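Protein chains get the first letters and strands the later ones, always in sequence-line order, with residue 1 at the start of each. Note that this is a predicted model, so its numbers are computed, not measured. Computed over heavy atoms, backbone and side chain alike; hydrogens, waters and symmetry mates excluded.
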There are 2 protein chains.
Amino acid sequence: MVQIPEHPAPTSTPQYSVPTSADVARLAGVSRATVSYVLNNASAVRISEPTRRRVHQAAKELGYVPHAAARSLRAGHSRMVLMPAPAVPVGPLYSQFFNELQWALSRFDYTVVQYGSVGLQGDEAARAWAELRPVAVLVPGSGLGPQGVAVLKRSGARAVLTLGPERVEGAHALLMDHSVVGRSAGAHLLARGRRRIGVVMPEDPGLDIFAKPRLEGVRQALHGTGATLTEVPLAYEEQSAAQLAARWRALGLDAVFAYNDEYAMLLMRALQDEGIPIPDETAVIGADDLMLGRLLRPRLSTVHIELPSGQELAELVDRAVRDFGAPPGTHEVLGATVLHRASS
Amino acid sequence: MVQIPEHPAPTSTPQYSVPTSADVARLAGVSRATVSYVLNNASAVRISEPTRRRVHQAAKELGYVPHAAARSLRAGHSRMVLMPAPAVPVGPLYSQFFNELQWALSRFDYTVVQYGSVGLQGDEAARAWAELRPVAVLVPGSGLGPQGVAVLKRSGARAVLTLGPERVEGAHALLMDHSVVGRSAGAHLLARGRRRIGVVMPEDPGLDIFAKPRLEGVRQALHGTGATLTEVPLAYEEQSAAQLAARWRALGLDAVFAYNDEYAMLLMRALQDEGIPIPDETAVIGADDLMLGRLLRPRLSTVHIELPSGQELAELVDRAVRDFGAPPGTHEVLGATVLHRASS
DNA sequence: TTGAAAGCGCTACCAT
DNA sequence: ATGGTAGCGCTTTCAA
């Protein structure tokens with residue numbers, strides 16, 4: 001289970017020990033109960049104004065800060081929403097989404113905590129999270145199995161939500177099916193009259209969870225149209241792009257969906273250096289709608305991705321927590337819109 | 001102090017209550033003490049092999065997960081390193097640095113938790129953090145005052161480290177003085193023979209904490225050389241860049257440090273659209289060494305920024321925790337190197 | 001080798 | 001209006 005390694009004892013004792021509510025009570029000349037009532041604005045009991053003042057004064061004087069662990073231990077539950085930090089370095093899109101979510105959840109009086117679980121595998125990670133007894137767990141990406149969900153629920157988590165490509169038994173699913181991105185891109189390229197379509201596959205294996213569904217989406221869009229699909233591996237390096245560009249004409253493609261805008265920019269530059277006219281000979285489309293794509297010449301077409309608003313998601317979490325008897329639901333939360341610019 | 005709003009009672013009771021070590025003890029037919037010994041591999045006591053097996057078996061059967069809050073309450077301390085999530089959306093540089101740090105700290109058996117404190121102000125935030133009784137707090141950016149540091153320390157935090165532009169009384173400082181970035185850029189432009197130097201100031205006020213020191217660094221580099229410095233406000237939008245470019249010649253600048261690579265790319269495109277040759281008429285240098293800067297024509301010169309390694313930082317944190325009697329130290333942790341490419 | 005029990009800081013019930 | 005106190009889950013002496 002859990003091992004507590006030994007750590008050296010403090011080299012010196014703190015001059016002041018941490019003040020507790022008992023200290024506040026002593027200083028104010030009241031009982032611990034009264035302190036608790038006052039500091040929590042308990043509505044069930046009425047405390048006289050002078051007493052309140054004395055307590056507040058004493059608390060301030062001592063620099064008293066309540067002990068969250070003790071409180072939630074006593075209460076039997078917490079308002080902590082735990083969110084494992086995604087292992088893959090994610091873009092600004094996600095960062096912003098996360099901040100928004102955090103803000104929205106705090107409006108519901110939840111405390112959002114991002115837990116770094118580097119190096120832990122699957123169910124082992126779930127156990128580590130469960131030790132914190134969060135009221136809800138919001139898991140990005142894949143990597144949590146039904147076992148993990150069960151562990152969390154048995155440990156009192158009232159809602160487990162996954163943000164990822166697939167449903168997990170027992171958990172609410174916020175399906176972020178990236179195939180819709182590929183479908184949009186594929187459909188767009190078809191509509192532009194392209195027939196021999198390449199799809200960039202980043203060589204960074206960490207990106208597979210996004211890249212594979214996007215590829216699959218393109219495949220779906222092309223299905224039954226007679227258009228061909230060619231996977232094009234590419235590392236996020238100039239040299240890799242140059243090599244690819246050198247053999248580009250041999251691939252015989254008239255369009256390429258470049259996984260995202262960054263890869264698109266990398267590839268586009270290499271193709272242009274090779275003298276391949278865009279979009280005439282090869283159309284290029286990216287994804288993520290980065291500002292920088294607009295600066296290219298020709299301007300980069302892209303698939304704009306809509307994540308759910310933090311507000312919506314926070315409501316979903318709150319509802320799941322409150323109706324935690326209800327069966328877990330599934331929500332499609334990824335939108336995709338093609339922004340047609342000059343490169344396609 | 002802290003207000004606990006009321007929340008509706010559970011709509012239904014969980015079918016199974018969360019298993020405790022007492023449940024494990026009961027099922028295994030031993031005492032709670034024995035369970036604790038077994039699950040924590042206590043070296044002080046020897047437990048017979050059959051008993052161990054029974055305990056492990058029972059724990060597994062019940063899906064027992066220890067309660068971190070109860071444990072740290074009893075222990076009187078935790079191994080939690082708390083890191084407030086930076087309010088400003090930060091780039092991939094920081095994300096990677098953070099992951100590395102997290103990993104390194106986990107090697108020291110710390111649990112890293114990122115706490116989202118959106119909407120909390122200064123010392124209020126510090127109190128919220130202090131409620132969690134972290135053993136160490138690692139605060140990025142500015143925003144924590146001496147008061148806040150005191151609150152944290154009085155609440156048992158054995159180390160408070162700030163990652164930011166300036167020292168804070170009582171806290172260890174990992175000084176990330178961005179003026180070194182500006183100094184490098186300024187010195188480089190001077191060395192290239194430029195004399196009328198512009199410095200892009202992003203209009204996003206959240207970036208001021210980086211932008212102002214960078215500006216100051218340029219000022220320092222130019223000091224006493226007779227070169228002039230002009231602040232150039234720019235929003236991260238094409239239109240803003242276009243407007244700036246339109247009046248560029250009137251500014252009479254022969255070089256510009258563009259805050260970072262993204263702003264540099266934005267500006268460079270606008271200048272080129274305006275027919276201003278780079279670097280002949282105006283030299284451009286960015287910062288952050290983004291891959292995408294290499295794709296521009298001319299290739300973008302940049303200031304490569306070196307953050308400290310996660311390993312180093314983890315060691316620093318660990319030492320600070322262990323020798324928490326020692327006076328807080330100051331460490332310069334930002335390096336800057338100019339990568340001269342074609343744009344300057 | 002194992003068990004009984006105290007107590008970490010806090011809140012909520014029940015007295016007064 | 002205020003105080004006494006039990007008990008949340010856990011670890012760790014001390015006794016047996």
From NE2 of A:His67 across to C1' of D:dC8 the rounded distance in Å is 13 Å
Exercise. Is B:Arg107 positioned over the aromatic face of B:Trp103, cation under 6.0 angstrom from the ring centre and no more than 45 degrees off axis?
Worked result: yes
Checking C:dT1, D:dT11, D:dC10 against the side chain of B:Ala70 (C-beta onward), the nearest is D:dC10
Here the distance between atom P of D:dG9 and atom CZ of A:Arg133, to the nearest Å, is 9 Å
The helix from C:dT1-D:dA16 to C:dT16-D:dA1: angle between terminal helix axes, five bp per end, to the nearest 10 degrees, reads 50°
Winner on side-chain proximity to B:Ile47, out of D:dC10, C:dT2, C:dG9, is C:dT2
Practice problem: Decide, yes or no, whether a salt bridge links A:Asp318 with A:Arg322 under the criterion of side-chain N to carboxylate O below 4.0 Å. | Solution: yes
Hey, does the side chain of A:Arg46 come within less than 4.0 Å of D:dA1's phosphate (OP1/OP2), counting only N and O?
no
Result for 5'-nearest mapping on DNA chain D, choosing between B:Ala75 and A:Glu49, is A:Glu49
**OP:** Verify the distance criterion only: is there a donor paired with an acceptor across the side chains of A:Arg133 and A:Ser78 at less than 3.5 Å?
**Re:** no
Numerically ordered, the residues 26-38 of chain A set in heavy-atom contact under 4.0 Å with DNA chain D is A:Gly29, A:Val30, A:Ser31, A:Arg32, A:Ala33, A:Thr34, A:Tyr37
*If you count the non-hydrogen atoms of other residues, nucleotides and ligands that lie under 6.0 Å from CD in A:Gln311, is the total more than 12?*
yes
OP1 or OP2 of C:dC10 less than 4.0 angstrom from a side-chain nitrogen or oxygen of A:Ser72, does that happen here? no
Separation of C:dT11 atom C1' from A:Leu39 atom CG, nearest Å, is 12 Å
With A:Gln57 as partner, the option from A:Glu61, A:Arg54, A:Lys60, A:Arg53 fulfilling side chain to side chain donor-acceptor pair (under 3.5 Å) is A:Glu61
Taken to the nearest whole Å, CG/B:Leu73 to C1'/C:dC8 is 4 Å
- prompt: Does A:Thr51 put a side-chain nitrogen or oxygen below 4.0 Å from OP1 or OP2 of D:dT2?
  reply: yes
